[in-house]
Amino acid sequence: MKRIFIGILLVCVCGAYAEEPMFAPDTEWNHVIRLAYGGPIAKRTYGIRDTVVNGITYQWVRWRLLRSEGAKVWCVVDSMGKQVERLLYDFDLQAGDSIRHVFERYDELQPIYYSKVTHVESITLPDGRSARRLSYDSRPDDIEHVGSVLGLLEIASFDVEINGTVENFVCCTRGDNVLYETEQDDCDKLKNMIFTETEHTLTEPFTATKFLRDGQLLINHDGNTYNANGVLIRNLQ
């Protein structure tokens with residue numbers, strides 16, 4: 001009877017672990033906003049939160065929808081005016097395997113580009129979790145539970161607003177643990193930087209609702225409607 005109980009307990013624990021998302025809810029990605037030809041003007045921290053769209057549970061971060069299943073992570077992108085899922089990360093890849101590059105908007109018309117895994121390393125993150133680090137021939141390294149060493153979404157060719165500023169990824173944190181930083185002590189340096197704009201954290205507002213219209217993901221918040229990139233498209237007031 002004791003062996004049966006232990007077996008059931010292990011199944012329950014393994015099942016719960018398998019359902020955990022790739023990126024823990026308390027993970028944050030810290031960036032510095034700089035003028036294209038000047039110094040830092042603001043810090044921007046992106047959190048992550050669960051959300052449901054059309055009955056499917058996603059993680060909402062930086063105006064993007066992510067869905068993970070085991071070691072794979074998909075991102076919802078606009079493709080020819082339709083919202084589709086594209087594989088963004090696959091931490092089950094082995095040396096010699098390849099992953100396709102993700103494009104926004106007209107990805108179906110883009111040439112197909114692949115990056116090949118050249119090396120896989122097992123590491124331990126500062127919060128104690130084991131993780132795989134994947135190196136490629138034509139893509140920056142990926143780290144399990146962190147994302148790319150360039151930032152969570154920087155590996156994909158997303159539409160970005162050109163406004164005279166650039167956004168640089170600095171570090172990924174989980175609580176008091178620095179999971180990854182672009183340079184040693186960059187997270188500590190970030191705390192002491194002086195900015196000309198107010199520091200703010202971007203996460204999904206609790207009052208936001210999401211819906212699909214004509215195949216496009218839209219977000220309604222405070223009477224305004226935004227597209228999946230966070231761009232205001234219609235004022236409902």
Side-chain angles (χ1 to χ4, degrees), residues 9-31 44-78 83-94 97 99-100 102 104 117 120-134 139-156 158 169-181 187 201-206 208-212 217 219 228-230:
L9 180 62
L10 287 174
V11 170
C12 293
V13 171
C14 291
Y17 178 78
E19 294 177 358
E20 289 183 357
M22 174 59 61
F23 306 113
D26 52 349
T27 307
E28 292 184 335
W29 292 265
N30 302 283
H31 294 69
R44 186 167 291 169
T45 299
Y46 295 100
I48 196 165
R49 182 169 296 159
D50 287 345
T51 191
V52 176
V53 178
N54 283 15
I56 301 175
T57 300
Y58 290 94
Q59 287 187 305
W60 175 252
V61 59
R62 216 173 153 182
W63 295 96
R64 294 286 175 180
L65 292 174
L66 302 181
R67 182 177 66 83
S68 62
E69 185 176 316
K72 294 179 172 57
V73 180
W74 291 268
C75 182
V76 176
V77 301
D78 182 308
Q83 299 298 308
V84 298
E85 290 186 353
R86 291 287 184 256
L87 184 64
L88 191 63
Y89 294 103
D90 186 352
F91 293 100
D92 273 338
L93 295 177
Q94 304 295 330
D97 294 338
I99 188 169
R100 183 177 176 176
V102 176
E104 177 83 297
V117 179
V120 178
E121 178 185 5
S122 294
I123 63 175
T124 300
L125 297 176
D127 63 358
R129 290 178 296 173
S130 60
R132 302 177 86 229
R133 179 167 182 154
L134 280 61
R139 166 172 162 157
D141 287 7
D142 295 336
I143 302 176
E144 200 171 9
H145 309 302
V146 173
S148 170
V149 296
L150 288 184
L152 181 62
L153 300 174
E154 275 71 9
I155 55 172
F158 290 125
F169 173 61
V170 175
C171 62
C172 175
T173 58
R174 185 187 182 197
D176 295 330
N177 294 299
V178 178
L179 302 184
Y180 175 81
E181 51 190 352
C187 252
T201 300
L202 299 185
T203 55
E204 176 197 13
F206 285 105
T209 58
K210 306 176 189 64
F211 58 96
L212 291 174
L217 174 70
I219 300 100
N229 296 327

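Given the structure is predicted, the values throughout are model-derived calculations rather than measurements. Numbering of residues begins at 1 and proceeds along the displayed sequence.
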Check your understanding: Do the charged groups of R62 and E154 touch, with an N to O distance under 4.0 Å?
Key -> yes
Review point. Where is the tightest heavy-atom contact between N30 and C187, given as atom of each residue plus distance?
Key: ND2-SG, 4.5 Å
Check your understanding: What distance do R133 atom CZ and D141 atom CG have between them, rounded to the nearest 0.5 Å?
Key -> 4.5 Å
Check your understanding: How many angstroms lie between atom CG of D26 and atom CZ of R174, to the nearest 0.5 angstrom?
Key -> 4.5 Å
Practice item. Could I get the full list of salt bridge (Lys or Arg N to Asp or Glu O under 4.0 Å) partners for E181, not counting sequence neighbours? Key: none
Exercise for review: Please name the pair of heavy atoms, one in P140 and one in V149, separated by the smallest distance, quoted to 0.1 Å.
Suggested key: CB-CG2, 3.8 Å
Exercise for review: Check M22 against A71 and note the closest heavy-atom contact, atom names and distance.
Suggested key: CE-CA, 3.7 Å
Check your understanding: Can you tell if the side chain of D78 reaches within under 4.5 Å of the side chain of Q83, non-hydrogen atoms only?
Key -> yes
Check your understanding: What residues, two or more places apart in sequence or in another chain, satisfy side chain to side chain contact (heavy atoms under 4.5 Å, CB included) together with A131?
Key -> I123, L125, E144, H145
Review point. Any side-chain heavy atom of V178 within less than 4.5 Å of one from P126?
Key: no
Point to revise | R100 and L87, any side-chain heavy atoms less than 4.5 Å apart | key: no
Practice item. Please work out whether the ring planes of F169 and Y180 are parallel, tilted or perpendicular, with thresholds of 30° and 60°. Key: parallel
Review point. Checking side chain to side chain contact (heavy atoms under 4.5 Å, CB included) against T51, which of T57, I56, L65 comes through?
Key: L65
**Study point:** Listed partners of E121 passing salt bridge (Lys or Arg N to Asp or Glu O under 4.0 Å), at least two apart
**Key:** none
Exercise for review: Look up atom CG in L179 and atom CZ in F23, then write down how far apart they are to the nearest 0.5 Å.
Suggested key: 11.0 Å
Review point. Would V117 and Q94 satisfy side-chain contact (heavy atoms from CB on, under 4.5 Å), going step by step from the backbone distance to the final call?
Key: CA-CA 7 Å; V117 179; Q94 304 295 330; over 6 Å; no
Exercise for review: Indicate the ring-plane relationship of Y89 and F91, choosing parallel, tilted or perpendicular according to the 30° and 60° boundaries.
Suggested key: parallel
Practice item. Grab the two heavy atoms, one from G147 and one from L152, that are nearest each other, plus how far apart they are. Key: CA-CD1, 4.4 Å
Exercise for review: Would you verify whether the NZ or CZ of R67 falls within 45 degrees of the ring axis of W74 while also being under 6.0 Å from that six-membered ring's centre?
Suggested key: yes
Point to revise | Residue pair V76 / R64: nearest heavy atoms and the distance that separates them | key: O-NH1, 3.9 Å
Point to revise | Reported CG-to-CD distance for the pair L66 and Q59, which is rounded to 0.5 angstrom | key: 6.5 Å
Point to revise | Value rounded to 0.5 Å, distance of CG in D142 from CG in L88 | key: 8.0 Å
Check your understanding: So, does R132 use its side chain to make a donor-acceptor pair with the main chain of L93 at under 3.5 Å?
Key -> yes
Practice item. Write down the atom of V61, the atom of G47, and the distance for their closest heavy-atom approach. Key: CG2-O, 3.0 Å
Point to revise | Side chains of I155 and V102 in contact at under 4.5 Å (non-hydrogen atoms) | key: no
